[in-house]
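No hydrogens, no waters, no symmetry mates; every other heavy atom, side chains included, goes into these values. Note on naming: letters A, B, ... go to the chains in the order of the sequence lines (proteins, then strands), and numbering restarts at 1 for each one.
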Protein chains: 2
Amino acid sequence: MTQCDTKTRILDSAEQLFAREGFHNTSLRAITSLADVNLASVNYHFGSKDALLQAVIERRLLPLNQIRETQIRGVLAQAKEEGIPPTAADLLRAFIEPTLEFRNSSPGAHDFISLIGRSLSEPDETVRNCFLALVLPIFQLLFKGLCEALPQLSPAILLTRLQFAIGTMSHVMCMGSLSVFNHPELPTPLDQNTLIQQLLKFVHAGLETPE
Amino acid sequence: MTQCDTKTRILDSAEQLFAREGFHNTSLRAITSLADVNLASVNYHFGSKDALLQAVIERRLLPLNQIRETQIRGVLAQAKEEGIPPTAADLLRAFIEPTLEFRNSSPGAHDFISLIGRSLSEPDETVRNCFLALVLPIFQLLFKGLCEALPQLSPAILLTRLQFAIGTMSHVMCMGSLSVFNHPELPTPLDQNTLIQQLLKFVHAGLETPE
DNA sequence: TCTTGATTTAAACACTTATTTGAAACGCCT
DNA sequence: AGGCGTTTCAAATAAGTGTTTAAATCAAGA
């Protein structure tokens with residue numbers, strides 16, 4: 001078992017447990033025993049539990065954000081080339097589709113999305129700030145694009161609505177379809193594809209509605 | 001200091017700390033020292049930490065839900081009386097306005113709304129289920145009303161969108177305006193009233209958009 | 001006033017927590 | 001083979017966790 005092996009196994013286990021049980025409800029003992037490594041190795045490789053969380057988030061979020069950024073920049077570039085403003089729908093898709101692809105790419109990625117979906121409303125500042133610092137640049141880029149796409153809306157209102165949209169999306173990413181809604185008296189939930197399609201429609205309509 | 005005094009002080013302190021620090025990150029010692037009561041009194045009065053959380057949630061959510069229910073039933077009744085379907089906007093307002101009024105009624109209520117706003121995506125089943133069981137009836141009532149208001153939408157899609165709407169609303173309730181968005185390069189956030197008004201517009205537009 | 005039940009209190013309980021330590025084991029290069 | 005830096009390991013540390021206990025305190029009824 002090489003060094004890299006141990007580190008990755010810790011990251012994988014921590015990701016899974018942080019996502020499913022919550023950060024403060026997950027002990028290092030639970031992580032190391034799931035990863036089948038020694039308890040002390042997490043402090044040896046990462047320094048502390050907080051730093052482990054940081055590493056868990058950065059491992060996936062840095063590459064994901066890079067993809068999102070190139071997608072959004074692609075939409076902006078093509079619009080500029082054609083001499084027309086980008087559409088809000090294209091910008092939203094550029095933001096959310098990489099997230100979905102990534103989420104379906106592996107079980108660990110799925111857990112990870114739950115984790116960051118919850119990070120926005122995380123009470124613990126350590127957790128929240130760690131996440132926020134990494135996504136702020138993307139939010140800013142998306143906001144800039146939406147200002148071009150929807151010039152009829154004032155920037156302040158647009159920013160608020162972007163906040164709503166991000167809230168909705170992370171909520172859905174985080175929970176998929178909620179268990180409560182699996183109820184005999186209610187219709188059966190939609191499949192994954194339709195769900196996402198509806199999600200885009202929903203936030204798109206919300207963003208574009210007149211002031 | 002009477003029995004009732006001790007109990008409410010524990011509830012108030014627990015509410016504040018659960019909301020601001022998270023359930024698992026809040027110790028009974030932190031609660032009892034903030035409430036200035038003896039450590040053992042929480043187990044004496046409530047039985048356990050889990051039961052205390054349940055009590056914290058029930059104390060506020062039961063009356064709040066009662067108000068929401070009468071408001072929604074009022075909208076439905078008036079529509080029936082006038083022989084026209086209720087509007088989605090009225091139903092949404094009937095759901096969210098009591099929440100807002102309640103949130104502004106006291107600092108403790110504000111903390112409480114943060115707490116339940118996060119409960120939907122709470123990883124811990126104990127916490128989540130405790131909350132979900134109490135709000136399911138309201139969700140069902142709201143859904144029934146929306147089916148009448150928007151008959152052109154299939155129930156399955158409407159349910160999904162209601163889920164989006166609730167996600168958005170609890171997200172906003174929980175965080176108010178996010179600290180990240182207080183950034184020099186971004187417009188200053190809207191005031192509370194405009195924020196809520198925009199929130200209603202946003203989810204209303206999302207709900208009503210064609211399939 | 002004395003008794004009875006409810007409440008409060010300090011202390012202890014039995015675990016779990018994150019983190020540290022020093023020795024053992026490892027791979028790797030000369 | 002021997003030495004060296006890196007990694008693993010069991011064990012211990014010190015502090016924190018929810019919960020329980022038994023004595024002390026209180027309010028009120030007989």
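In this structure, A/R29 atom CZ and C/dT20 atom P are separated by 14 Å, rounded to whole Å. What separates CG of A/L53 from P of C/dA18 is a distance of 13 Å, to the nearest Å. Put simply, CG on B/L17 is 12 Å from P on D/dG18, counting in whole angstrom units. Per the geometry, CG belonging to A/L39 stands 8 Å off P belonging to C/dA18, to the nearest Å. Rounded to whole angstrom, the span from the CG atom of A/D5 across to the P atom of C/dG27 amounts to 13 Å. For the pair A/N25 CG and D/dG18 P, the computed distance is 12 Å after rounding to whole Å. Rounded to whole Å, the distance from CG on B/L28 to C1' on C/dT16 is 15 Å. For B/E21 and D/dT17, the CD to P distance is 12 Å, given to the nearest whole Å.
Among the protein residues, B/T32 comes within range of no part of the nucleic acid, since none of its heavy atoms lies under 4.0 Å from any strand. A/S41 comes within 4.0 angstrom of nothing in the nucleic acid, heavy atoms only.
Nearest to the side chain of A/Y44, among D/dT6, C/dT19, D/dT19, sits D/dT6. If you check C/dA18, C/dT20, D/dG18 against the side chain of A/K49, the one that comes closest is C/dA18.
In this structure, A/F139 and A/F95 have tilted ring planes: the angle between them lies in the 30° to 60° band.
Look at B/T6 and you'll find a side-chain N or O under 4.0 angstrom from OP1 or OP2 of C/dT8. Taking only side-chain nitrogens and oxygens, A/H24 never comes nearer than 4.0 Å to OP1 or OP2 of C/dT17. Listed pair B/S27 / D/dG16 fails the phosphate criterion, with no side-chain N or O lying under 4.0 Å from OP1 or OP2. Distances shown here put every side-chain N or O of A/H45 at or beyond 4.0 Å from the OP1 or OP2 atom of D/dT6.
Toward the 5′ end of DNA chain C lies the nearest nucleotide of B/N38, the other residue of the pair B/N38 and A/V42 mapping further downstream.
For A/E101, there are no side-chain hydrogen bond (donor to acceptor under 3.5 Å, both in side chains) partners at least two apart in sequence or on another chain.
With salt bridges taken as basic N to acidic carboxylate O contacts below 4.0 Å, one links B/D90 and B/R93.
Within 6.0 Å of atom CD in A/Q66, 12 or fewer heavy atoms from other residues, nucleotides or ligands are found, so the atom counts as exposed in its surroundings.
Of all heavy-atom pairs between B/L76 and B/G145, the closest is CD2-CA, 3.8 Å.
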